[in-house]
> 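Sharing a structure with you now.
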Amino acid sequence: MIAEVIFDIPLERAFTYVVPPGLTVAVGQRVRAPLQGKPRVGIVIGCREGAGDGLKALEATVEPGPLLGPAQLALTRWISKESYSSWGSTCVALVPPLPPRAERVGLPGSATGSAHAHELAASAVSEKALLLTGADRDERLLSLLAEAEGRGLLLLVPEIGTAEAWAGRLQSRLGQPVARLDSGRPEHERWRAWMALERGAARRAVGTRSALLAPVPPPATLVLIDEHDPAHKPPGHPRIHSRAVVLERARLEGHSVILTSPTPSVESWWQADSGRLGRSDGSPGPWPAVTVVDSRGALRGSPLSPALRRGIEQTLARGGQVCLLVTRIASALACGECGFLLRCPDCGIPLAYSRVRRECSCRLCGRRERAPDTCAHCLGRQLAPLGWGAERAEQAVRQAFPRLTVARYDAETVTPAGAPRLRQRWDDGSVRLVIGTRQVLKALPPARARLVGVITPDHLLRLPDFRAGERAFALLWAAAEWLKDRGRLIVQTQHPEHYVIRAAVGQEQAGFYKPELRFRAELGYPPFRRLCVLTIKGRHASGARALADECWRELARLDGLSVYPPAPPGRSAGGLRWRIVVKGGNDLPEQLRPVLTPILDRRRAGPGVVEVEMDPVELI
DNA sequence: AGCACGCCGACT
DNA sequence: GTCGGCGTGCTC
């Protein structure tokens with residue numbers, strides 16, 4: 001007996017092993033096999049009769065039966081083709097963690113098969129998918145799930161923080177235990193939860209990304225919470241949005257889908273507009289009093305306009321709490337004389353400036369360097385931070401309110417372990433004012449908050465990223481929804497007439513989606529066309545340039561695409577790194593395949609490497 | 001001659 | 001992704 005196995009490596013090929021006597025394996029099963037002399041974990045994708053002369057032998061099976069049925073394997077193949085991630089890395093990323101040592105199946109093992117190794121649905125009978133918006137969406141979701149009592153359920157959240165709350169809510173509403181597959185739980189628990197689903201001992205699960213393929217019996221309901229959240233396309237392989245996977249899985253296996261979001265992605269809104277997705281808007285919900293502060297000509301030296309400063313003083317005097325929102329953690333460093341913006345010489349994006357550490361760092365390549373004293377361009381000495389990142393805003397607020405206890409909440413300052421401590425200090429009122437990025441709204445309860453100040457969303461509105469408006473809209477809407485009608489929302493902006501600002505503060509969704517869809521249609525952005533970004537990295541500037549030109553020439557020969565010429569990411573003259581943006585139709589991955597496959601297959605044999613990002617969430 | 005480093009092919 | 005073989009070039 002011979003088995004074909006794929007591994008977590010960036011290669012499309014499978015490796016062939018002989019199955020030793022006493023071991024039984026099936027397609028979809030997880031196994032250990034030697035690769036480059038060391039045992040590694042892979043997935044069996046094929047079995048056939050044969051002697052297997054000269055082949056190495058499988059070492060062991062990990063579970064007694066397959067983890068992935070035919071339908072899930074077909075889905076992983078689809079994900080791999082859509083995302084240009086190898087089939088092996090796709091499969092390995094989407095199966096549960098390894099079992100605890102005691103539960104491992106050694107030699108010999110027996111293939112028991114799973115309770116429901118799902119076959120492909122005979123006819124794709126996925127009921128119409130539903131998009132839930134509105135302030136009461138969670139409650140309406142729970143009602144829908146209660147009506148579907150007895151069906152399987154897989155509820156996917158964008159990050160671990162919300163998994164616990166959802167598990168609790170489901171349990172108290174539906175009255176049955178919910179399997180936890182989110183990465184917030186220990187590995188052995190996640191493995192056991194997956195196995196319980198496999199056996200049919202559980203049929204409801206809450207999870208994060210790695211639970212996308214969890215075995216729920218069809219027809220089940222697949223729920224994607226906060227479908228607009230960029231966290232649904234996290235770093236790492238496979239590079240694909242969970243929304244796309246959930247919709248395709250439902251089609252293949254015959255599940256139904258519910259997407260929820262206060263501010264749906266423009267893609268999903270459009271799907272609903274064109275009838276491919278049902279939309280249920282629910283009630284608009286309570287809204288805060290909103291003040292839009294026109295900060296044109298102001299805000300040079302302080303993140304606090306007089307109106308916001310007064311608002312903070314009054315809120316504190318009445319015993320309320322304050323949340324100040326920034327749109328990014330770090331500021332950039334710019335020359336006050338010539339306007340030169342300090343960028344990473346390799347990557348071309350502005351370097352993040354930390355005044356505390358007196359250093360600049362690159363978000364892409366991780367390069368760190370001491371903050372310079374003089375401008376490399378004009379030799380001027382007026383280098384100053386640009387924009388209100390969390391660090392700089394915090395310093396300014398501490399200066400303005402020296403006797404106030406101020407806390408900062410963002411990915412850089414708060415560790416998963418430190419979050420409960422801050423939450424405690426917020427709950428007991430020892431922290432009266434918190435400055436943070438949008439995650440702060442999920443981490444802290446709004447009960448005693450009476451003021452939210454958005455320092456400014458202008459940075460988002462001016463980014464050369466077609467999704468920036470959507471992100472600004474989502475931030476403002478989330479801030480208002482958090483506060484409800486308990487307080488005041490103050491937005492400082494130099495663009496008070498911008499449709500993103502007007503729609504958000506006016507609690508009027510159509511005011512955002514209508515002009516946004518028009519803009520995207522005119523310029524050929526999603527959902528009207530699909531995007532792909534190629535990043536070309538070379539060891540030498542000349543090689544990188546040559547490879548970028550080659551990619552560009554080859555792509556330009558394909559029909560039905562718009563291919564933009566190679567450009568350094570960001571605005572500075574690059575060298576080692578180039579970026580090519582491609583626009584195409586719904587089948588963009590297939591359109592690109594004849595050109596990309598030979599180039600990707602060369603790997604490091606060429607003058608550089610090419611990375612493919614389909615459907616990018618941010619273009620910066 | 002001896003070693004460090006970087007490049008490149010191979011992985012069953 | 002990761003390992004190891006091998007060539008270039010520098011040092012003792």
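Naming: A, B, ... by sequence-line order, numbering from 1 per chain.
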> Nearest whole Å is fine: how far is dC11(B) C1' from Leu35(A) CG?
5 Å

> Between dC3(C) and Lys38(A), is there an OP1 or OP2 to side-chain N/O distance shorter than 4.0 Å?
yes

> Atom CD of Glu12(A) to atom P of dT12(B): distance rounded to whole Å?
18 Å

> Expressed as a whole number of angstroms, how long is the span from Phe7(A):CZ to dA10(B):P?
18 Å

> Can you tell me how far C1' of dT2(C) sits from CZ of Arg40(A), to the nearest Å?
7 Å

> Measure from NZ on Lys56(A) to P on dT12(B) and round the result to the nearest Å.
4 Å

> Using the ring of Tyr353(A) (Phe, Tyr or Trp, six-membered ring only), decide whether Arg358(A) places NZ or CZ under 6.0 Å from its centre and within 45 degrees of its axis.
no

> Can you figure out which of dT12(B), dT2(C), dG9(B) approaches the side chain of Arg603(A) most closely?
dT2(C)

> Over how many whole Å does the gap from Arg602(A) atom CZ to dA10(B) atom C1' extend?
18 Å

> Would you find more than 12 non-hydrogen atoms of other residues, nucleotides or ligands less than 6.0 Å from Asp373(A) atom CG?
yes

> Is the closest basic N to carboxylate O distance between Arg180(A) and Asp182(A) below 4.0 Å?
yes

> Could you state the atom-to-atom distance from CD of Gln36(A) to P of dC11(B) in whole Å?
9 Å

> Can you tell me if Glu164(A) has over 12 outside heavy atoms packed within less than 6.0 Å of its CD?
no

> Rounded to whole angstrom units, what separation is found between the CE atom of Met1(A) and the C1' atom of dT12(B)?
17 Å

> Counting the atoms with a prime plus P, OP1 and OP2 as sugar-phosphate, which does Arg539(A) contact under 4.0 Å by heavy atoms, base, sugar-phosphate, or nothing?
sugar-phosphate

> Looking at dG6(B), does its base get a donor-acceptor pair with the side chain of Arg604(A) below 3.5 Å?
no

